[in-house]
Structures are given as C-alpha cells and as structure tokens.
Amino acid sequence: MKKPTKVVEYNLEASEFNWDIAPGRTIEAWGFNKQVPGPVLKANVGDTLVIRVTNNLKEPTMIHWHGLRIPASMDGTGATQKPIEPGEVFEYRFVVPDAGTFWYHSHFNETVQLERGMYGALIVEDIIDPVSDGEKVFMIDDMKLNPANKFTKPGWFVPRIIERHDGREGNTLLINGKENSMIDIHAGQTERWRFINSSSARYFMLSLEGKEFKIIGTDGGLLEHPRTVTEVLITPGERIDIAAGPFNEGESFPIESLGYNRSTYLTAKRQTFATINVGERKPSIAFIPETLRRIEPLAKQDGVITRKVKLSVGPSFKDGMDFLVNDDIHVNDKPVKVGELQIWEVSNTSLMDHPFHLHGFFFQVIEENGKAPEYMAWKDTVNLPPRSKIKIAWTPDNRPGTWMYHCHILEHHAAGMMATFNVIDGDKPTDGMISNQAHHHH
Ligand code: C2O
Ligand code: CU
C-alpha cells in the first residue's frame, strides 16, 4: 500500500545573518531562512518537492541535494546549471524516489558557503519506516573561528597548506548550529536519530559514552538488519540513522566523537558535541524489526571491473599538494550508459583518508580490500582509508546528463579531487552535457 503522493513546497532564502552558536557567541553566518542549519525539509516517498531558492547573498550560489536520485538538471552543480546570481530565484523541482536521510548544501564556493552554514537536512519518509517514539535530526559541524568569533581565512602559507592537506577542522563543535546543546529524551523510549556529517573535513566517530545503539540506516535508507554497536564512523557527507534508547530516568551522557586518526597533521581527540538528558519515563510504542527490508546484491564480488578510479596526492608548485583523480585534477571521466551495470574499483593510494561521494546514484560496496563487506547497504559516500581499495557496484538508471564524483573533504574537492562524467542514453544526443574534451581547470 502506498500513500497518495503530493506536491510539497518550500521557500529557501540564502542570506547573511547573525547566528548565536552559544549564548553571547555570535557568528556572521550564511545560510537558509536565517538559521543554521536551514529548515528540515520533509516529504514522503514519491512526493514532488518544489523548492524556490532566493539568493540574497552577495555572491552566486547553487544547491545540491546530496543523495537524492533526481534528474541531472536538478543536481545543483556547475555542470548542470548556471549559478543563481545575487537577487535571482531558482526553482528546484523533483520527485523524491527513496526514503532516507538526505541533505542539501551549497555547491558553489563550498569551502566558504558550506563552512558558514549553507546546509540543511532533507528527510524522506516511507510507510515501511520502523516505528519509533520520536525522531531527531543531528547535523554535525565544526566551524573554525578566531577569538573574535570571525571566520578565519588561512592567510599565511603554513595554515593554508595544512588546510589544503587536511581539510579545515574547526574549533567549535556544533550540533544543529549550536555548541553544548542539551537534548531531551524520555526514559523507556526509543527514538530514531538521524546523523548527518556536514563538516568540511571532520571525521565523526559517534559514541554515546559507550552505550549500545542500533544502526538502522545509512545514506540510501534502511539497512537489511539493525546492527548493535557502541560506535560508528560518520565521514563528511555520510549519514547514519540509529535507534537510540531506551535509557533510564535521570541519566545524562554526551553525544561525543571518539578520536579517529585519519593520518593527517591534525591529531584526533575525544570530543563532546552535546549532552543527552533522560527525563521522566513514558510508555513506548517503538518497534525495530530484525529485518528492516531486503537489499538485493547488484553484482558478485568477482564481477568484471568496468572502471578504475584512483585517488592520490601529488606535489604542486603553487599549493604544496594537488589532490588527484587518476593522476589528474578536475577530471572529465568517460561516460557510462543507461542500464549498464558499473563495477568501479576505487582506490586510495595516498596516506590519508578520503570520503568518496557519487552524485545522484546509490552504489553498493561489494568488496573492501579483497574481502566481502560485512553487511549490505545503499551508499552515496564511502570512506577510503589510506592505501585501501574497494569495489562499488551501481547501475545508471534512466537519468542522462552530467554527474560527478569527488572527495567530500571540501578542500580536497576544491583542490582537484573530483570528476564529471556523462550518463548517456544509447545514441541519443547529449545536448547540454559537458563534452569529454573540455577540461575545467580552476
Ligand atoms: Cu555533498 Cu558534490 O556533494
Ligand atoms: Cu580527500
């Protein structure tokens, strides 16, 4: 049984405004509807979202709908649309085909616009979602501010090189745009908490002070089976949905990130992002079934590799280091055909982690360093630790156009670790698509 679908309309105004990340701690944010994050956009599977974006910034912008399988013309990148100039309005309109935790963010001058707050959550619900006693969305961020609460520009050479190398890690730990939030849950209840890592570069190793929780979903929606864990890594761009609780009345514990060593100059520390306070006991109707849904494997582990994507770093005269895809920067990769199974070997030959993100399509990781993965999931962002190799399988469905993949550490993306490619429909003309010869060097 399906719910009847509807048209859901939102207005998003991008502008500059003051935002308090803590009492008395005000930043000059850029964001949507004068809040950081922007409003949570919600729809049911099959609904049509109409989102009117008004740009009241002093510079152009574009909005990317991270994880949504929508037409290329709505993907919000420089490959598929003209930037929305100051004073202009652009209407994004698309059907949301999948349930899950998605997000929207600026895809223009990202290292500035996203860093200042231009992101928000987009939640798509379905009748097969497990029943919980409540739901919360947590967007992780870590803006980098100087003592006057101004955004820092890495002026001198050494910090600039470090940021380019490591990505920008901030000195504020934010959940939903706030430092040290107090978050309430009733004792005895189980809630669905949707985590989205919207930071530029911070690896978030979620822990609830060692308490067990169940992972129930990730980028492309529900897993097949809940996985009980005490920690889980959420890299920039990734989403993890958990079932949290039941907890005992009067308990209080942090939402924290355990140190994750991603082999950079920056050292990982255990850090508290917010505090959970467990209040008065309430009855529960939550039910998290042992089978959440089925995920059919797209390909066998030994299927024929159709493409190799190598992420690496190399010396650059100008900036200390270039971030490369197949030994080049800002690459135009070969097209793929609608309906043709893709098995890509994605490798990372560098000595640091990179979260690989594919726009517009879900993939399955079918092999990790020679081994089958422990469980099945639909992903759009996956971490590659240093010197690692994975195989991903995906099928371009009938949405021709220009798409891209890139490292979701924003500074690496900007420094060249990205590629565009066309999805082509047999012999149809490729109007409006980028040509394979044109190289965009930034
Ligand atoms: Cu969230 Cu091009 O990325
Ligand atoms: Cu990277």
Side-chain angles (χ1 to χ4, degrees), residues 37-38 61-70 72 74-81 100-111 113-115 118-122 139-141 162-169 196-203 219-220 234-239 260 262-266 309-314 319 321-326 329-331 346-362 379-388 401-421 440 442:
T61 193
M62 282 183 282
I63 313 304
H64 170 55
W65 313 93
H66 183 126
L68 291 176
R69 299 190 307 131
I70 57 181
M74 294 288 118
D75 195 43
T77 73
T80 59
Q81 74 167 98
T101 303
F102 305 102
W103 62 301
Y104 59 96
H105 63 76
S106 159
H107 216 280
F108 188 92
N109 193 12
E110 283 172 62
T111 54
Q113 294 192 1
L114 233 155
E115 167 75 0
M118 292 188 61
Y119 59 79
L122 196 161
M139 296 198 83
I140 308 298
D141 194 7
I162 290 180
E163 272 192 9
R164 193 175 160 93
H165 181 275
D166 290 357
R168 174 159 52 220
E169 285 199 8
I196 303 169
N197 188 342
S198 39
S199 64
S200 301
R202 179 175 300 268
Y203 275 48
D219 305 343
I234 315 175
T235 66
E238 264 189 314
R239 285 87 67 211
Y260 176 82
R262 59 184 183 94
S263 333
T264 54
Y265 300 135
L266 305 162
V309 176
K310 184 180 80 181
L311 309 177
S312 65
V313 298
D319 299 294
M321 201 167 267
D322 272 336
F323 288 81
L324 308 166
V325 170
N326 293 340
I329 54 170
H330 302 285
V331 168
V346 187
S347 62
N348 171 13
T349 62
S350 75
L351 297 176
M352 64 181 100
D353 291 65
H354 300 286
F356 171 87
H357 170 47
L358 174 65
H359 276 220
F361 300 89
F362 297 147
K379 298 288 295 165
D380 58 56
T381 307
V382 61
N383 190 50
L384 279 121
R387 299 224 158 103
S388 63
T402 302
W403 298 94
M404 63 167 69
Y405 59 82
H406 58 82
C407 174
H408 218 286
I409 290 177
L410 302 181
E411 291 71 21
H412 295 176
H413 178 190
M417 196 175 268
M418 60 88 68
T420 50
F421 65 96
H440 304 266
H442 292 199

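All residue numbers refer to positions in the sequence shown, counting from 1. In listed order, ligands and their atoms are each counted from 1.
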Is the H357-W103 ring centre distance short of 6.0 angstrom? no
For E115 and D141 the tightest heavy-atom approach is O-OD2, 4.3 Å
Taking atom types as modelled, is there a side-chain donor on H66 or H107 under 3.5 Å from an acceptor on the other? no
Of all the atoms in H408, is at least one N, O or S atom closer to the Cu ion (ligand 2) than 2.8 Å? no
If I take every N, O or S atom of H412, is at least one of them less than 2.8 Å from the Cu ion (ligand 2)? yes
Within a strict 2.8 Å cut-off of atom 2 (Cu) of ligand 1, protein N/O/S atoms tallied 3
At their closest point, which heavy atom of T420 faces which heavy atom of A79, and how far apart are they? CG2-CB, 4.2 Å
Less than 4.5 Å apart, any side-chain heavy atom of I234 and any of Y260? no
Minimum-distance atom from the Cu ion (ligand 2) among N, O or S atoms of H354: ND1
Find, among atoms of H105 that are N, O or S, the one nearest to atom 1 (Cu) of ligand 1, and state its name. NE2
Quick check: do L311 and M417 have side-chain heavy atoms less than 4.5 Å from each other? yes
Would you kindly say whether N383 and H354 are connected by a side-chain donor-acceptor distance under 3.5 Å? no
Derivation and outcome, side-chain hydrogen bond (donor to acceptor under 3.5 Å, both in side chains), residues H412 and H406: CA-CA 8 Å; H412 295 176; H406 58 82; over 6 Å; no
